[in-house]
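Have a look at the structure below before the remarks.
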Amino acid sequence: MKNLKSILGITVLSLFLFASCQSEEDVTIGDDPNQSTNSADSETADLMARNTAHDGSEDDFLDGLSCSSIVLPVVAEVNGQELTIISQSDFALIANIFAQFTNDDDEVNFQFPITVTMSDYTEVVINNQAEYDTLKDTCTEIDSKEEDAINCLDIDYPITVFTYDANAEQTGSVVLDGEQETYVFLNNLGESDFFSVSYPISLMAEGNSAITINSDAEFKNALESCEADDDMQAQAEAEAKAAADELEAILTDATFKVETGINNGVEFTEDFVEFTLEFANDGEVIVRNTLTNTAASIEGSFQVVSETNVNLELSFAGNSTFNIISDQFEVVSQNESTIELQSSTNSAVTLVLTKME
């Protein structure tokens, strides 16, 4: 394995060496407009390299780095609790620790040294926090230059590529059986080496739906369109995550009442006039009777979740009146004093919670 100094000096800073120059013009082979030669710095090579780079996003919630993934096992302190993470099945333990409290900052501190797999499939030993911070900065720079991996479509292997010399004379053919093999092939192309893809090939989308690709131009359009959709999705998820964090801050350690509740045009607000809901930082909802100012014998819990929108999951047991609000609600609007909700399972049910002074 290589150490961080050599990798950051050579490998990490050139993870996507194909993206730096794209001046080489493709040369059409014979009369076939769908088959053209590509150099190592062509647009097709760049897109194919980004598409076949190692996907480091699987453990982003753990390390926050999409350009690398951690080689397991590792020992880490998660919100103060020491864990030995042996496999991806242990990720659920970390998620549970993160979910214990709503108003804390989730933190993962690794026991160094650790090993990470980079986008170019090399393994790098990280010896301390300073080296890890350097790696973070490098990954952030890659992301900001839009040179990160494209993972929204996968090539259906095997595929065949033809190799050519500088005179566009065919020198051979190579069958590529997977992403790493393809990435290495592209990385090993010299200045006088050229290649063409034997089309058609198939790209696999989420859900295993296939897209047939017949040319470099179609390959480019498919990946760029997919990446644009992915970027929009990522932006929506980031905005939803920020709104979810804000909602947790509004709810936690605060007491609310049901201001308005409507089911299919019929109000049920009066059913809750004697109750308040206190949202604790451990996910518990304490239901109090306003007449006696005592906790009711109702078990309640809440969770804020987000994808491209924000949802508040409420669960109550011990009182049938609360069945109507024991549901997953989409957050329609929120501010410091009022939260407007609509049931995700029955759009006819709406709920407005207001904060008690």
Side-chain angles (χ1 to χ4, degrees), residues 61 79 92 94-106 233 235-357:
F61 81 101
N79 288 1
I94 302 168
N96 289 336
I97 294 174
F98 284 171
Q100 283 181 338
F101 301 102
T102 61
N103 62 348
D104 63 340
D105 293 325
D106 295 320
Q233 175 86 3
Q235 182 177 350
E237 289 176 354
E239 291 172 353
K241 178 62 167 62
D245 291 343
E246 180 185 74
L247 179 60
E248 283 189 341
I250 293 170
L251 288 171
T252 301
D253 295 329
T255 300
F256 286 77
K257 68 176 181 179
V258 176
E259 182 70 29
T260 306
I262 298 175
N263 181 11
N264 202 26
V266 179
E267 277 209 40
F268 56 83
T269 312
E270 286 296 317
D271 295 340
F272 293 87
V273 71
E274 296 179 1
F275 299 102
T276 61
L277 310 175
E278 181 182 325
F279 294 83
N281 71 347
D282 61 356
E284 182 184 8
V285 180
I286 302 169
V287 180
R288 294 190 183 277
N289 188 304
T290 58
L291 298 179
T292 62
N293 196 30
T294 58
S297 56
I298 300 171
E299 296 181 3
S301 63
F302 78 99
Q303 184 178 9
V304 178
V305 295
S306 67
E307 290 185 2
T308 54
N309 52 26
V310 182
N311 289 282
L312 175 62
E313 296 179 354
L314 296 174
S315 178
F316 298 94
N319 187 316
S320 59
T321 298
F322 280 74
N323 289 345
I324 189 68
I325 65 170
S326 190
D327 199 355
Q328 176 172 291
F329 292 90
E330 182 177 345
V331 179
V332 178
S333 67
Q334 65 186 55
N335 57 47
E336 287 294 331
S337 60
T338 304
I339 301 167
E340 184 179 349
L341 306 167
Q342 183 175 41
S343 170
S344 300
T345 60
N346 181 1
S347 60
V349 177
T350 59
L351 189 66
V352 176
L353 304 177
T354 57
K355 184 180 289 188
M356 304 287 289
E357 294 298 333

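Note that the structure is a prediction, hence the values are computed from the model and not measured.
Separation of atoms CD1 (I298) and CG (N289) is listed at 8.5 Å; rounding is to 0.5 Å. Atom CG of L247 sits about 6.0 Å away from atom CG of L312, to the nearest 0.5 Å. Rounded to the nearest 0.5 Å, atoms CD (E299) and CG (N319) are 12.0 Å apart.
Among residues two or more places apart in sequence or in another chain, the side chain to side chain contact (heavy atoms under 4.5 Å, CB included) test is passed with D327 by F329, S343, T345. Legend: residues meeting side chain to side chain contact (heavy atoms under 4.5 Å, CB included) with E307, ordered by chain and number and at least two apart, are absent. Checked against side chain to side chain donor-acceptor pair (under 3.5 Å), D282 has no partners two or more places apart in sequence or in another chain. Considering only residues two or more places apart in sequence or on other chains, E239 meets the side chain to side chain contact (heavy atoms under 4.5 Å, CB included) condition with Q235. A search for ring-ring contact (aromatic ring centres under 6.0 Å, His included) contacts involving F61 returns F91, not counting sequence neighbours. The salt bridge (Lys or Arg N to Asp or Glu O under 4.0 Å) test applied to D106 returns no partner, not counting sequence neighbours. Under the side chain to side chain contact (heavy atoms under 4.5 Å, CB included) criterion, N96 pairs with no residue, sequence neighbours left out. Residues passing the side chain to side chain donor-acceptor pair (under 3.5 Å) test with Q303, sequence neighbours excluded: none. For E267, the salt bridge (Lys or Arg N to Asp or Glu O under 4.0 Å) criterion is met by no residue, not counting sequence neighbours. For the side chain to side chain donor-acceptor pair (under 3.5 Å) test, residues two or more places apart in sequence or in another chain that qualify with Q334 are E246.
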Carefully, step by step, assess V310 and V305 under the rule side-chain contact (heavy atoms from CB on, under 4.5 Å). CA-CA 6 Å; V310 182; V305 295; over 6 Å; no
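Side-chain contact between V349 and I324 is present, with at least one heavy-atom pair separated by less than 4.5 Å. Annotation: side chain of L351 is in contact with side chain of I325 (closest heavy-atom distance under 4.5 Å). Two residues are said to be in side-chain contact when any heavy atoms from C-beta on lie closer than 4.5 Å; S306 and K241 meet this criterion. The closest side-chain heavy-atom distance from N309 to V331 is not below 4.5 Å.
Under 3.5 Å, the side chains of N311 and S344 contain a donor-acceptor pair of N or O atoms. Inspection of the E340 and S333 side chains reveals an N or O donor paired with an N or O acceptor under 3.5 Å.
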For residues 270-279, please give each side-chain donor-acceptor pair under 3.5 Å, one per line with the distance, not counting sequence neighbours.
residue, atom, partner, partner atom, Å
E278, OE1, R288, NE, 3.3

Side-chain polar contacts of residues 253-264 - donor-acceptor pairs under 3.5 angstrom, sequence neighbours left out - could you list them?
residue, atom, partner, partner atom, Å
E259, OE1, T354, OG1, 3.1

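Remark: side-chain polar atoms of S326 are not paired, donor with acceptor, to backbone N or O of F322 under 3.5 angstrom. With hydrogens and angles ignored, the 3.5 Å screen pairs no side-chain donor or acceptor of S337 with any backbone N or O of K355. Between the side chain of E313 and the backbone N or O of Q328, no donor-acceptor pair lies under 3.5 Å.
Minimum interatomic distance between A240 and T308 (heavy atoms only, all atoms of both residues): CB-C, 3.7 Å. The heavy-atom pair separating T252 from E248 by the smallest distance is OG1-O, 2.6 Å.
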